Amino acid sequence: MATTQEKATPCCIKPVTAEKIDGKNPKSSPAPAGVLQNWSLVGSKPSEDPIGKRASMATLLRPVEPVSDPPPSMTTASTKGVPIMLRAQTSHPLDPLSAAEISVAVATVRAAGKTPEVRDGMRFIEVVLVEPDKHVVALADAYFFPPFQPSLLPRTKGGPVIPSKLPPRQARLVVYNKKSNETSVWIVELSEVHATTRGGHHRGKVISSKVVPNVQPPMDAVEYAECEAVVKDFPPFQEAMKRRGIEDMELVMVDPWCVGYHSEADAPRRRLAKPLIFCRTESDCPMENGYARPVEGIHVLVDMQNMVVIEFEDRKFVPLPPADPLRNYTAGETRGGVDRSDVKPLQIIQPEGPSFRVNGHFVEWQKWNFRIGFTPREGLVIYSIAYVDGNRGRRPVAHRLSFVEMVVPYGDPNDPHYRKNAFDAGEDGLGKNAHSLKKGCDCLGFIKYFDAHFTNFTGGVETIENCVCLHEEDHGILWKHQDWRTGLAEVRRSRRLSVSFICTVANYEYGFFWHFYQDGKIEAEVKLTGILSLGALQPGEIRKYGTTIAPGLYAPVHQHFFMARMDMAVDCKPGETFNQVVEMNVKVEEPGKDNVHNNAFYAEEELLRSELQAMRDCNPLTARHWIVRNTRNVNRTGQLTGYKLVPGSNCLPLAGSEAKFLRRAAFLKHNLWVTAYARDEMYPGGEFPNQNPRVGEGLATWVKKNRSLEEADIVLWYVFGITHIPRLEDWPVMPVDRIGFMLMPHGFFNCSPAVDVPPSVGDMELKENEIAAKPVQDGIIAKL
């Protein structure tokens, strides 16, 4: 992600300069040292070093070596083709890797190849930051970067001993060797030096490397494009398409799908894909919905290592569905329709700019602050989430929030649909498939964008501009009450801060959102849209495993499951492991002397003491939810402070216990899992779910350790899903469906944290006019 380029763009309205926003020239009133500047002014120069602004902190840091600005040679642009590695303190330990760091990591690994053949065969699946230990993050936040909280670290005799710099950053690379079919994992230490992207001088240091046997890493977009070309050039495939009346291969769409694991034939000794075939009707219409004509009956298996078709069979002739006149979704006449004419412009105006401030990847909004990260696999990551609570200071809520996996199993037992059970994070990568929001943004108002940097398959660096969107939204009523005696009312409007990105995986789009609210809530939301994955029907055929969408066309039933991993830290400073999880269920009181009116019910809590006990499912009949509590902190009533996980709509897999996809997705068998934090436990289906033959790898295996949870560093793994019975209204493009959950304060505050939200200016003026025009007693008389 971009670490220095600040992008604050008003969407759908004319851009406003920083001078216009603030009403003055930003250069004329520099911010005090150590004070976070306004969002629109921070980081205007790529070479700006945040350490230089911390001179005012020097008196707090003793004994400590002085930290000086880097020399100009370390911060200015280098010669063409030579990216620069800045000194360690210029990048926070949790900042995503920069383009230069990715180049250094790739060049270091490539140079470490033993032979030219090994180096030529290297394909780079992923280059990602090695996230440091939590105490390193605490040190950085205490003394080197915002929020500058020395209290984050425990006090020691004689004052803190503070290092002059942080440990070097490290990169972790997943490398696939196309010649040997081996997958290896490398750790590279990133040095503060110049590095050339290819050949020449580099100064990264290989810390470790190992070959991971019997796995296949995620597929890459380059492989998908090559696979499509190979299949379309395969003569037997061309003959099969001619049999269906298609001779122009430009009309054919080949969507490679990972084969999953159904038998030993899918074992990872080969890198395999089974494509789905579709066919457009018009070669001169680039936006035609080609998914409206699925091609069925053709079996294709592709060796993705050698990029050859190794199995082909035209098993069954299924006529192509006729061209559906309602298949397209572009504007107006381009889809053969007319757009509605009564939609007036809607603009969101923030004349004083937004309420959030951004410094690098550090975000402050109202009383919330956190850091934004991004990975090729998970996409958006939120770090170090905390709430500034008056004289209680900065109170942590969670260390890390992200969506770590999603699985989409289909419910049609017929070929090829029974094989459709995509692991979109582990087999493809949510972050690598993210959009540049320059091509279409669903946000209004002032927006701060973040770029994302990735390695491509051959080791080059690619940038997705405007990948992550940060903006404020009006969210209706926050709270309201009207006194019926006086007729006076108090009402506040709710506002939320949204951080999001959107990705496309083949036919579907997914928007991933984290919303922060003024009353202390955090909402996780996924928005599903895009195009249904369809099947073709024989004339007169009807299938009970889906919905007929158009003549010869049907949409199979399926489910979408998402897993959120939440490394919690409720009221815990770094190093503290004082959290536990309790389950709350509402119980109906038995009839008797304590319930003579048969109306009594109460909430009963149960402490989840171990990992095996903490495999839980949602139960709306008992209003079940879970609370992460701090075992040492209490509120004003003496109750332990906490945050509760409140489920939204949810489901479990509608498949038999022996379903093949559940071998790799055993984590879907429960809605909630709780584990004690372990650094290497990141992905619930294991790191390499693609063609994984091992049963229950990942979360289902980790919990067998049955570690204690009574007072621990708690990690919540929450599975939430939606069962999609397609409708005609989902065609040709599906209106957004929403699913998610809420993290809500439960005894964390002493009263409502939203009571101090001020009324809007319009509300204040209206209230003053009402009081002047209407005596108080009139309200009482009117009520009587």
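What's counted below: heavy atoms across the whole structure, side chains too, no hydrogens, waters or symmetry copies. As the structure is a prediction and not an experimental result, all values here were calculated from the model.
The shortest distance between side-chain heavy atoms of Val408 and Val505 does not fall below 4.5 Å. Using a 4.5 Å heavy-atom threshold, the side chains of Arg377 and Glu126 count as touching. Arg293 places a side-chain heavy atom less than 4.5 Å from the side chain of Ile246. The closest side-chain heavy-atom distance from Ile739 to His560 is not below 4.5 Å.
Checked by atom type and distance alone, the side chain of Gln559 pairs as donor or acceptor with a backbone atom of Leu652 at under 3.5 Å. Under the 3.5 Å distance criterion, the side-chain polar atoms of Arg624 are left unmatched by any main-chain donor or acceptor of Cys618. Under the 3.5 Å distance criterion, the side-chain polar atoms of Asn456 are left unmatched by any main-chain donor or acceptor of Val461. Remark: the backbone N or O of Val222 is paired with a side-chain donor or acceptor of Asp220 at under 3.5 angstrom. With hydrogens and angles ignored, the 3.5 Å screen pairs a side-chain donor or acceptor of Asn507 with a backbone N or O of Ile531. Looking only at distances, a side-chain donor or acceptor of Lys232 sits under 3.5 Å from a matching main-chain atom of Val252. In this structure, the side chain of Glu473 does not engage the main chain of Arg496 through any donor-acceptor pair within 3.5 Å.
Every residue meeting the salt bridge (Lys or Arg N to Asp or Glu O under 4.0 Å) condition with Arg315, not counting sequence neighbours, appears here in chain and number order: Glu313, Asp415. The salt bridge (Lys or Arg N to Asp or Glu O under 4.0 Å) test applied to Asp248 returns no partner, not counting sequence neighbours.
The pair Glu264-Arg269 meets the salt-bridge criterion, with a side-chain N (NZ, NE, NH1 or NH2) lying under 4.0 Å from an Asp/Glu carboxylate O. Taking 4.0 Å as the cut-off between side-chain N and carboxylate O, Asp266 and Lys660 do not count as a salt-bridged pair. Under 4.0 Å is where a charged nitrogen must lie from a carboxylate oxygen, and between Glu523 and Lys521 no such pair does. Taking a cutoff of 4.0 Å between a charged side-chain nitrogen and a carboxylate oxygen, Glu288 and Arg327 qualify as a salt bridge. With respect to Lys420 and Asp412, no salt bridge is recorded, no charged nitrogen being found less than 4.0 Å from a carboxylate O. Salt-bridge annotation for Arg123 and Glu223: absent, with no side-chain N of the basic residue lying under 4.0 Å from a carboxylate O of the acidic one.
By the neighbour-count criterion of 12 heavy atoms within 6.0 Å, atom CD of Glu729 is densely surrounded, having more than that number from other residues, nucleotides or ligands. Other residues, nucleotides and ligands place more than 12 heavy atoms under 6.0 Å from the NZ atom of Lys179.
Checked by atom type, the side-chain pair Asn181/Gln216 shows a donor-acceptor distance below 3.5 Å. Between the side chains of His724 and Asp730, at least one donor N or O sits under 3.5 Å from an acceptor N or O. No hydrogens or angles considered: nothing links the side chains of Thr701 and Arg694 as a donor-acceptor pair under 3.5 Å. Side-chain N/O atoms of Ser498 and His471 include no donor and acceptor closer than 3.5 Å.
Relative orientation of the Phe312 and Phe237 rings is perpendicular, given thresholds of 30° and 60° on the angle between their planes. Taking the six-membered ring where the residue is Trp, Tyr718 and Phe720 present parallel rings, their angle staying beneath 30° rather than reaching 60°.
Taking the six-membered ring where the residue is Trp, the centroids of Phe403 and Tyr510 are separated by 6.0 Å or more.
The cationic group of Lys448 lies under 6.0 Å from the six-membered ring centre of Phe450 and within 45° of the ring axis, placing it in a cation-pi geometry.
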